[in-house]
Number of protein chains: 2
Amino acid sequence: MTTPQNLLTNLAQPTQAFSKAEQKVANAILANPELTTRSSIARLAQSAGVSEPSVNRFCKRLGATGFPDFKLKLALSLASGARFINSAVAEDDTAPTFTPKIFNASIHALEKTRDSIDPKLIHHVIDEVVASKRIYFFGQGNSGPVAQDAEFKFFRFNTPVSAHQDPLMQRMLAAASKPGDLFVIISYTGRTIGLVETARLARDSLATVISITAPASPLARASDLAITLDVGEDTDEYLPMTSRLAQLTLLDVIATGVTLRQGQAHRPHLARIKASLTSTRFDSAQQDA
Amino acid sequence: MTTPQNLLTNLAQPTQAFSKAEQKVANAILANPELTTRSSIARLAQSAGVSEPSVNRFCKRLGATGFPDFKLKLALSLASGARFINSAVAEDDTAPTFTPKIFNASIHALEKTRDSIDPKLIHHVIDEVVASKRIYFFGQGNSGPVAQDAEFKFFRFNTPVSAHQDPLMQRMLAAASKPGDLFVIISYTGRTIGLVETARLARDSLATVISITAPASPLARASDLAITLDVGEDTDEYLPMTSRLAQLTLLDVIATGVTLRQGQAHRPHLARIKASLTSTRFDSAQQDA
DNA sequence: CTTATAAATGTATTTTTATTACATTATTTT
DNA sequence: AAAATAATGTAATAAAAATACATTTATAAG
């Protein structure tokens, strides 16, 4: 997550204090980074119009132990798609250019989330889910569908589960809750007033509240456990979505954890659900997703 | 998307017809692939207990032009997280081990989708969306929340839009449709009987039908335009989800395309929506997602 | 405007690394 | 068991990279 990813972007930055020869090398690499990863030092030196030791020095200056190590890091940096990550969609983009940009932004968000998740917290969350007698998923606006998706996922377990998007219903359920009830509240900002109040109501009734939300937000503070997602810079000013993918994947992680915890015991239950769906299909017993 | 990703997995497969010396090389690499990417051929030969040419031959057998090329491909294969991709979640996994597995599976699915999307098709879809007078998003089961998410995304445009999960409502709307109506039908399998019939009904009424579904499925055939997603091997036998992420991202791509197409004209409309949400927040005008 | 100094770059050499040609050893087939 | 074939290793060669050192170029002080 440190050097490799930024190597290419580093090269391109005009702020870099490169000497003349080094700048030539940087330009030659930037002209065709892909090729550089398969070039010899002699070839690159020639195409840059400098001597071989200059290339070597360039590599060392950028933190590599030598030219081969530099090539390796360059290849890694290319593979991680760093080229696109910071490039927001622009006015003059067309389908072939903005499509990979959006996918890369999503991929990047998932990578970031993956690397920032604390497994111990996940473990605790799974504990709570397994211990609960009833689960409610709450979300408003864009997070509504995420809550609904979670309902489908968790329906597979024997614990009663439901998702709600209506603020009034959420409030009523929270007020009427009791110990053993688990509320999973999803909000990107963690600042939606209704949801924060709902969390407080539920905790007043001694129910458990887990939130999937922004770090240090009011909702995070109002929860027993908060899984905080900082998907970061909204380069994507048009329509934020990456956070939802992170939320969905996170819920999948939790659901998987619960499945593993329950072990073999619940397999028949799953098979029954699957079987109940086959009649609605043309053929193939595969699950709609 | 071909060799690099599979290199490591290839090595590990016992089905591979390796000679004795080659097997030793494979084992030595598998013992520490990360180190191998930075090793010389001599070092690897020694740690494998074979001669240098044996290592070289091994590399060529696996499709590389030589040892350096092999190292490059190996590094790439490591970077893409290939290690985890085919490793399904196992019974004895714990939070620290299955969490990255699930994230990697999702990331892989998005990468695969990104590389398989035809921008021309996206372009056509955007054409249809822009040309439509009314948009309906249909999904059932797990695809229901996806449709709902799409509704939120497309609500930002001036075209009336709604999402429906109820089969009866879907059927009624399709039957009552007219030219200028656009139906976007989301189904992972493309075999849900109700949705396929709905598509036919809509087309009978001269409405346009776009589906996001499986290749060569009944639904794909019943649509005017079909964006087919083959997220592939369901290693993830527990809870399929990767396809939904691909669908969501794809819808985001389309929505972005529409935004770009409409250009500046609709900016005030967006600003109005954003403003209407601020009063429901603790502070910060940020958008819930 | 020179001259000392330091920085940057290149040349030539050495060292390391990878590949090839060929000999030897195992393995299979008849 | 002998011939043929495949597999592997040894030794030589070629390629690549790094180093030491010379030369040039730039910079600053007098």
Side-chain angles (χ1 to χ4, degrees), chain A residues 3-4 7 10-11 13-77, chain B residues 3-4 7 10-11 13-77:
Chain A
T3 322
L7 222 173
N10 250 348
L11 292 188
Q13 254 150 30
T15 51
Q16 269 281 12
F18 284 142
S19 73
K20 269 184 246 169
E22 284 171 343
Q23 191 56 57
K24 283 191 204 169
V25 176
N27 291 341
I29 294 168
L30 250 16
N32 195 345
E34 175 62 31
L35 179 69
T36 305
T37 62
R38 283 175 281 114
S39 281
S40 69
I41 194 167
R43 186 142 131 233
L44 177 59
Q46 197 187 8
S47 86
V50 300
S51 69
E52 300 183 20
S54 287
V55 174
N56 194 268
R57 279 187 282 262
F58 175 86
C59 297
K60 286 183 175 171
R61 173 177 287 255
L62 266 86
T65 65
F67 183 67
D69 184 48
F70 176 82
K71 281 196 291 189
L72 186 71
K73 285 180 169 151
L74 180 65
L76 255 28
S77 130
Chain B
T3 322
L7 223 173
N10 250 351
L11 291 187
Q13 254 151 30
T15 51
Q16 270 282 13
F18 283 143
S19 73
K20 269 183 251 169
E22 285 170 343
Q23 190 57 58
K24 282 190 204 171
V25 176
N27 291 341
I29 294 169
L30 250 16
N32 196 345
E34 175 61 31
L35 180 68
T36 306
T37 61
R38 284 174 281 117
S39 281
S40 70
I41 194 167
R43 185 143 131 232
L44 177 58
Q46 196 187 9
S47 86
V50 300
S51 71
E52 298 182 23
S54 288
V55 174
N56 195 272
R57 279 187 284 261
F58 174 85
C59 297
K60 287 184 175 171
R61 172 176 288 254
L62 266 86
T65 65
F67 183 68
D69 183 49
F70 176 84
K71 281 195 292 190
L72 186 71
K73 286 179 168 151
L74 180 65
L76 254 29
S77 130

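Naming convention: chains lettered A, B, ... in sequence-line order (proteins, then strands); numbering from 1 in each chain.
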For N32(A), all residues meeting side chain to side chain donor-acceptor pair (under 3.5 Å), sequence neighbours excluded: none
For A31(B), side-chain contact (heavy atoms from CB on, under 4.5 Å) partners two or more places apart: none
Atom pair distance, as rounded to whole Å: CD in E22(B) and P in dT8(D): 6 Å
Least distance between heavy atoms, G66(A) atom then C59(A) atom: O-CB, 3.8 Å
Just the table, please: protein N/O against nucleotides 23-25 of chain C N/O, every pair under 3.5 Å.
none

Residues forming a salt bridge (charged side-chain N to carboxylate O under 4.0 Å, His left out) with R43(A), sequence neighbours excluded: none
Rounded distance in Å - CD (Q23(A)) to C1' (dT9(C)): 16 Å
Distance-minimising heavy-atom pair for K71(B) and T36(B): CD-O, 3.5 Å
Results of side chain to side chain donor-acceptor pair (under 3.5 Å) for S54(A) - residues two or more places apart only: S51(A)
Interatomic distance, R61(A) CZ vs dA7(C) P [rounded to whole Å]: 12 Å
Heavy-atom protein contacts under 4.0 Å, nucleotides 11-27 of chain D, coded B base, S sugar-phosphate only, - none: -----SSSB------S-
Minimum side-chain heavy-atom gap F58(B)-I29(B) below 4.5 Å: yes
Rounded interatomic separation in angstrom, taking CD from Q46(B) and P from dA18(C): 14 Å
Contact under 4.0 Å: S54(B) side-chain N or O vs dG9(D) OP1/OP2: yes
Heavy-atom closest pair, residues L44(B) and A28(B): CD1-CB, 4.0 Å
Nearest-Å distance for atom pair CZ/C1', residues R38(B) and dA18(C): 19 Å
Touch class at under 4.0 angstrom, heavy-atom based, for V50(B) against every strand present: sugar-phosphate
